Amino acid sequence: CTYASHSISLKYLVLEICRAAHGRFAQKLMKDLFTNYTNALRPVEDTDYIINVTLQVTLSQIIDMDERNQILTTYLWVRQVWMDAFLTWKKEDYDGLDTIRIPSSYVWRPDIVLYNSADDEFSSSMETNVVLRNDGQVMWDQPAITKSSCSVDVAFFPFDLQQCDLTFGSWTHNGNQMDLINALDSADLKDFVPNVEWEVLGMPAKKNVILYGCCSEPYPDITFSLHLKRRASFYIFNLLIPCMMISFLAPLGFYLPADSGEKVSLGVTVLLALTVFQLLVAESMPPSESVPLIGKYYIATMTMVTASTALTIFIMNIHHCGGEARPVPEWAERFILKYLARICFVYEVGENCLGGARKEPLSQEGSDSVEGGGGDGGNRREILVKCLCQHQELGKNVEYIANSYQDQRAAQLRIGEWRKVAKVMDRFFMWLFFIMVFFMSILILGKSI
């Protein structure tokens with residue numbers, strides 16, 4: 001046990017001596033490297049040489065997508081690798097020390113910025129160390145929270161796809177002084193934290209060389225195109241399904257009895273509810289000429305509800321036609337009361353209430369009973385004729401009463417026919433609007449598949 005403890009102590013002692021030796025060599029290396037070094041100039045031996053900077057971006061998180069202001073906030077890890085010709089050494093001269101980590105402010109750094117930045121401070125990155133190798137390679141890993149401008153197209157909201165570009169390039173060095181190289185064909189998504197609203201489909205990278213109007217030299221940049229797909233479940237359950245349920249109430253206004261007095265108020269209530277949902281969508285969308293898909297659905301539904309309310313008022317006017325109304329036209333009687341009534345399953349509406357077919361035989365029997373009295377019918381007729389001739393005023397009154405009865409009965413028949421026309425139109429428009437709402441709902445939900 002004593003021997004084992006001594007051996008362990010000896011190993012720790014050797015490790016501490018090695019660390020101390022590495023520390024002394026690291027300090028000596030720092031003095032040797034940065035004695036005549038300046039971080040203000042490009043680290044090349046000849047000013048005609050081009051320094052190559054390898055750029056790699058890792059997407060860690062999508063913090064926010066502000067559709068109204070069209071700003072994308074992301075958390076990125078940016079890695080830049082380049083060769084510094086003045087920061088090389090032989091590791092044999094420094095006890096095998098091949099890498100050191102020093103503050104990034106000590107060395108020259110490429111002035112690579114996000115071209116389409118929308119940040120107020122224009123810089124939200126963290127000052128981190130760089131890893132310096134003995135062959136002059138400098139690797140700088142830098143976490144950054146970026147705010148970039150993104151053109152948001154809400155034409156198919158909430159089933160939309162968005163593409164947001166993040167363009168990195170040098171602000172002052174042209175392509176003859178510094179060149180950018182893609183480390184990968186796309187951004188690294190292995191460490192991406194899933195977002196609750198957006199699904200990342202990919203983030204390919206593309207190098208561009210652009211000639212600006214201000215300068216004759218080419219300026220290279222690397223554009224990372226972030227392809228996003230919105231997760232529509234939240235909007236389906238909170239905006240679409242309530243709107244569909246409200247929309248199915250609009251055709252039921254045609255099923256309400258005309259005498260209930262609630263047909264028009266139901267349509268107005270549904271219209272107000274849809275207006276509230278329309279305002280909720282408009283508050284979150286950017287003011288643009290392209291109307292969102294859900295906005296088109298709301299507008300179409302509101303138009304349908306408005307049309308149903310107007311038709312309800314028109315049909316109620318037909319239902320409440322009085323006795324002074326004209327008879328039902330012949331074409332309406334053929335098309336509506338016969339053909340359309342069968343399609344809408346409306347049969348003999350109002351005939352039993354009038355009971356006209358039963359009163360006519362009773363009146364005929366009454367007249368027969370007057371005409372046919374007892375055994376001496378001939379004598380009674382003669383007496384009756386003489387009485388009628390003698391009392392002409394009484395005959396005029398009887399004729400007036402008979403005409404009034406016939407006019408009243410004809411008015412009731414006209415009222416019944418117009419009510420039947422109104423009821424058939426109610427059923428027809430109810431089924432028509434149900435079919436329209438159903439197909440509109442299928443079309444809007446089909447976009448999510």
Side-chain angles (χ1 to χ4, degrees), residues 242-279 296-359 404-441:
C243 176
M244 292 176 185
M245 296 172 66
I246 294 174
S247 301
F248 275 101
L249 290 177
L252 291 178
F254 294 105
Y255 193 75
L256 280 175
D259 297 329
S260 64
E262 300 294 333
K263 293 172 72 71
V264 178
S265 61
L266 176 62
V268 174
T269 304
V270 172
L271 188 62
L272 291 176
L274 292 175
T275 305
V276 172
F277 281 101
Q278 173 69 17
L279 292 176
K296 294 178 181 178
Y297 176 74
Y298 283 158
I299 293 297
T301 306
M302 292 169 66
T303 304
M304 186 194 66
V305 173
T306 304
S308 67
T309 306
L311 287 172
T312 299
I313 297 173
F314 175 72
I315 294 173
M316 287 182 64
N317 190 18
I318 295 176
H319 176 82
H320 291 288
C321 284
E324 67 277 3
R326 296 180 180 179
V328 178
E330 187 176 352
W331 65 269
E333 187 175 355
R334 291 180 181 177
F335 179 71
I336 298 178
L337 297 182
K338 293 182 179 180
Y339 179 74
L340 201 59
R342 295 176 183 176
I343 297 177
C344 300
F345 306 103
V346 179
Y347 301 104
E348 302 298 331
V349 181
E351 291 294 331
N352 295 331
C353 297
L354 293 176
R358 298 178 182 176
K359 291 183 179 180
S404 299
Y405 172 75
Q406 291 178 359
D407 293 340
Q408 184 179 3
R409 186 182 175 197
Q412 290 180 353
L413 289 174
R414 286 196 299 271
I415 293 173
E417 288 179 350
W418 282 115
R419 288 185 177 181
K420 181 177 179 180
V421 170
K423 193 165 187 178
V424 172
M425 293 178 66
D426 268 335
R427 294 294 185 272
F428 172 73
F429 286 114
M430 183 188 72
W431 291 115
L432 178 63
F433 279 87
F434 264 129
I435 294 173
M436 290 174 60
V437 172
F438 177 76
F439 277 105
M440 287 170 54
S441 303

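Since the model is a prediction, treat every value here as computed from it, not as a measurement.
- H319 is not listed as a side-chain neighbour of W418, based on a closest heavy-atom distance of 4.5 Å or more.
- W431 places none of its side-chain heavy atoms less than 4.5 Å from the side chain of P251.
- The ring-ring contact (aromatic ring centres under 6.0 Å, His included) search around F433 returns F254, not counting sequence neighbours.
- Atom CE of residue M440 and atom CE of residue M436 lie 7.0 Å apart, to the nearest 0.5 angstrom.
- In plain terms, the two heavy atoms of K338 and R334 that are nearest each other are CB-O, 3.3 Å.
- Between F335 and L340 there is a side-chain heavy-atom pair separated by less than 4.5 Å.
- Rounding to the nearest 0.5 Å gives a distance of 11.5 Å between CD1 of I336 and CD1 of I343.
- At least one side-chain heavy atom of I315 sits less than 4.5 Å from a side-chain heavy atom of F429.
- To the nearest 0.5 angstrom, S308 atom OG is 13.0 Å from M430 atom CE.
- L252 has its side chain within reach of F434: a pair of non-hydrogen atoms, C-beta onward, lies under 4.5 Å apart.
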Donor-acceptor pairs are to be reported for all side-chain atoms of residues 264-272 against protein atoms at under 3.5 Å, with residues two or more places apart or in another chain.
from, atom 1, to, atom 2, distance (Å)
S265, OG, E262, O, 3.1
S265, OG, E262, OE1, 2.8
T269, OG1, S265, O, 2.7

message: I'd like to know whether K263 forms a side chain to side chain contact (heavy atoms under 4.5 Å, CB included) with D426, so could you lay out the CA-CA distance, the side-chain angles of the two residues, the decisive distance to 0.1 Å, and finally the verdict.
response: CA-CA 11 Å; K263 293 172 72 71; D426 268 335; 3.7 Å; yes
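- How far CE of M304 is from CG of L311: 11.5 Å, rounded to the nearest 0.5 Å.
- Here the CD1-CE distance, from I313 to M316, works out to 8.0 Å after rounding to the nearest 0.5 Å.
- F314 CZ to N317 CG: the interatomic distance, rounded to the nearest 0.5 Å, is 7.5 Å.
- Side-chain atoms of F248 and C243, non-hydrogen and from C-beta on, never get closer than 4.5 Å to each other.
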